[in-house]
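Reviewing the structure listed below.
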Amino acid sequence: MTNIDQVSVFDILPPNAQADPTVSAATRSLDGCMRELTQMAKDLSFYRRLLEGRITDAEADERAWQDHVDFWDTSLPLEQKIQLLMNAKEFHRSKGTPGAIEDLITILFGEGKVEEWFEYGGEPGYYRVTTNNPEVTLDRAQEFYRAVESVTRLSAHLEEVILSQTESLQLYFGTGMVVNEHIIIR
């Protein structure tokens, strides 16, 4: 199968028309116009430009309103907006599941894991989120809570957010061995 970008009007002419200099020149000039029109048609597709990362902030905000993206903040970086838009339909499909919460946390705050009440011995209907992102502090707690609640089912409630940190420490340890022999002669 041939890509539309690579189609040339000159190539589909019969050999006698290709030999005519007037027809040949006309079709070669049409090839340039065809390439421009093909590129313009490609640029019409929002989703193609979304996948290529060639949308503006204003377009992302408008599309988020159209697609009913549950958690949206106009101050987010464009890369995160693109990820939210690309996953908007999946979020609606899987809304209320731990996977949807984990996916949203991953896009907005880095890594995160959801533990439901029966996994940690909590009260029925509750869950907790564990993340290792140090940016989920008191400053961004409201944003984090709003993001999680946007994809949570109504019967589930966020009990706590656990911030786990891993620090690299220089630990030194040593061992010693003492070999001692007692000989008693009588």
Side-chain angles (χ1 to χ4, degrees), residues 3-6 35-170:
N3 192 345
I4 192 78
D5 296 345
Q6 300 166 351
R35 280 189 208 92
E36 287 178 31
L37 285 174
T38 303
Q39 186 59 43
M40 290 168 76
K42 282 183 178 179
D43 288 344
L44 287 176
S45 171
F46 173 79
Y47 287 105
R48 179 185 296 267
R49 290 184 298 117
L50 177 67
L51 290 173
E52 294 172 355
R54 296 187 302 124
I55 62 169
T56 64
D57 268 334
E59 286 177 315
D61 293 339
E62 177 67 26
R63 183 55 70 144
W65 177 79
Q66 290 175 10
D67 288 349
H68 304 286
V69 178
D70 292 323
F71 176 77
W72 191 262
D73 188 355
T74 55
S75 65
L76 288 173
L78 185 59
E79 295 80 28
Q80 286 181 341
K81 288 181 178 182
I82 289 172
Q83 288 296 317
L84 286 171
L85 285 171
M86 289 197 305
N87 292 308
K89 286 184 178 33
E90 183 59 33
F91 284 143
H92 283 292
R93 233 180 271 126
S94 64
K95 191 179 229 179
T97 64
I101 298 169
E102 286 178 1
D103 291 344
L104 183 66
I105 290 170
T106 301
I107 290 173
L108 295 175
F109 302 100
E111 189 177 330
K113 183 174 180 342
V114 175
E115 291 179 288
E116 296 202 64
W117 65 272
F118 52 86
E119 294 174 327
Y120 65 91
E123 292 291 318
Y126 285 87
Y127 67 95
R128 65 184 182 189
V129 175
T130 305
T131 183
N132 62 0
N133 187 345
E135 292 181 14
V136 182
T137 57
L138 211 47
D139 301 336
R140 292 190 66 195
Q142 284 296 85
E143 181 183 355
F144 185 85
Y145 181 76
R146 197 168 57 89
V148 168
E149 287 294 313
S150 72
V151 291
T152 300
R153 65 183 179 274
L154 293 177
S155 63
H157 306 286
L158 179 61
E159 185 173 354
E160 64 182 339
V161 176
I162 300 170
L163 180 60
S164 67
Q165 279 186 281
T166 53
E167 300 289 333
S168 60
L169 300 172
Q170 293 182 350

*Any donor-acceptor pair under 3.5 Å linking the side chain of Ser45 with the backbone of Arg48?*
yes
*asked:* Using the rule given for side-chain contact (heavy atoms from CB on, under 4.5 Å), can you reason through Asp73 versus Gln80, listing the C-alpha separation, both sets of side-chain angles and the distance that settles it, and then say yes or no?
replied: CA-CA 10 Å; Asp73 188 355; Gln80 286 181 341; over 6 Å; no
*Checking salt bridge (charged side-chain N to carboxylate O under 4.0 Å, His left out) for the pair Glu143/Arg146: CA distance, chi angles, key distance, verdict?*
CA-CA 5 Å; Glu143 181 183 355; Arg146 197 168 57 89; over 6 Å; no
*Distance in Å, Thr38 OG1 paired with Glu36 CD, rounded so as to fall on 0.5 Å steps*: 10.0 Å
*Looking at side-chain heavy atoms only, is the closest gap between Leu158 and Thr152 below 4.5 Å?*
no
*Could you give the distance from CG (Asp61) to CZ (Arg63), rounded to the nearest 0.5 Å?*
12.5 Å
_Reported CZ-to-CE distance for the pair Arg35 and Met40, which is rounded to 0.5 angstrom_ = 15.5 Å
_Check whether Asp67 reaches the backbone of Val69 with its side chain - one donor and one acceptor, N or O, closer than 3.5 Å._
no
_In the structure I gave you, are the side-chain heavy atoms of Ile55 and Leu85 within less than 4.5 Å of one another anywhere?_
yes
*Listed by chain and number, what are the side chain to side chain contact (heavy atoms under 4.5 Å, CB included) partners of Thr56, not counting sequence neighbours?*
Ala58, Glu59
*Taking all atoms of both residues into account, what is the closest heavy-atom pair of Glu119 and Glu115, and its distance?*
OE1-CA, 3.0 Å
*Using the side-chain contact (heavy atoms from CB on, under 4.5 Å) rule, take Leu108 and Phe144 through it: C-alpha gap first, then chi angles, then the decisive distance, then the call.*
CA-CA 8 Å; Leu108 295 175; Phe144 185 85; over 6 Å; no
*Go through the steps to decide whether Val114 and Val148 satisfy the test side-chain contact (heavy atoms from CB on, under 4.5 Å), and finish with yes or no.*
CA-CA 10 Å; Val114 175; Val148 168; over 6 Å; no
*Has Leu44 got more than 12 heavy atoms of other residues, nucleotides or ligands less than 6.0 Å from its CG?*
yes
_Glu62: side chain to side chain contact (heavy atoms under 4.5 Å, CB included) partners, not counting sequence neighbours_ = Trp65, Gln66
*How about Glu90: does its CD atom have over 12 heavy atoms from other parts shown lying under 6.0 Å from it?*
yes
*State whether the number of non-hydrogen atoms from other residues, nucleotides or ligands found under 6.0 Å of Gln142 atom CD is greater than 12.*
no
*Minimum heavy-atom separation for Trp117 to Pro124, with atom names?*
CD2-CA, 3.4 Å
_Glu116 side, atom CD; Thr97 side, atom OG1 - distance, nearest 0.5 Å_ = 9.0 Å
*asked:* Working note: Leu104 + Asp70, criterion side-chain contact (heavy atoms from CB on, under 4.5 Å); need CA distance, chi angles, decisive distance, verdict.
replied: CA-CA 10 Å; Leu104 183 66; Asp70 292 323; over 6 Å; no
*Hey, is the main chain of His68 close enough, under 3.5 Å, to the side chain of His92 for a donor-acceptor pair?*
yes
*Would you name the heavy atoms of Gly53 and Ile82 that are closest together and state the gap between them?*
CA-CD1, 3.9 Å
*Ignoring hydrogens and angles, state whether a donor on the side chain of Glu159 or Tyr120 is under 3.5 Å from an acceptor on the partner side chain.*
yes
*Where is the tightest heavy-atom contact between Ile107 and Gln83, given as atom of each residue plus distance?*
CG2-CB, 3.7 Å
_Can you give me the closest heavy-atom contact between Glu102 and Gly112, atom names plus distance?_
CG-O, 3.8 Å
*Got a sec: does the NZ of Lys42 have more than 12 other heavy atoms crowding it under 6.0 Å?*
yes
*Search all heavy atoms of Phe71 against all heavy atoms of Ser150 and return the closest pair with its distance.*
CB-OG, 3.4 Å
*Is there side-chain contact between Val161 and Tyr145, with heavy atoms separated by less than 4.5 Å?*
no
*For Lys113, enumerate each residue passing the side chain to side chain donor-acceptor pair (under 3.5 Å) test, keeping only those at least two apart in sequence or located in another chain.*
none
*Report yes or no: does Thr131 contribute a side-chain atom to a donor-acceptor pair with the main-chain N or O of Leu163 at less than 3.5 Å?*
no
*Answer yes or no: is there a side-chain heavy-atom contact under 4.5 Å between Met86 and Tyr47?*
no
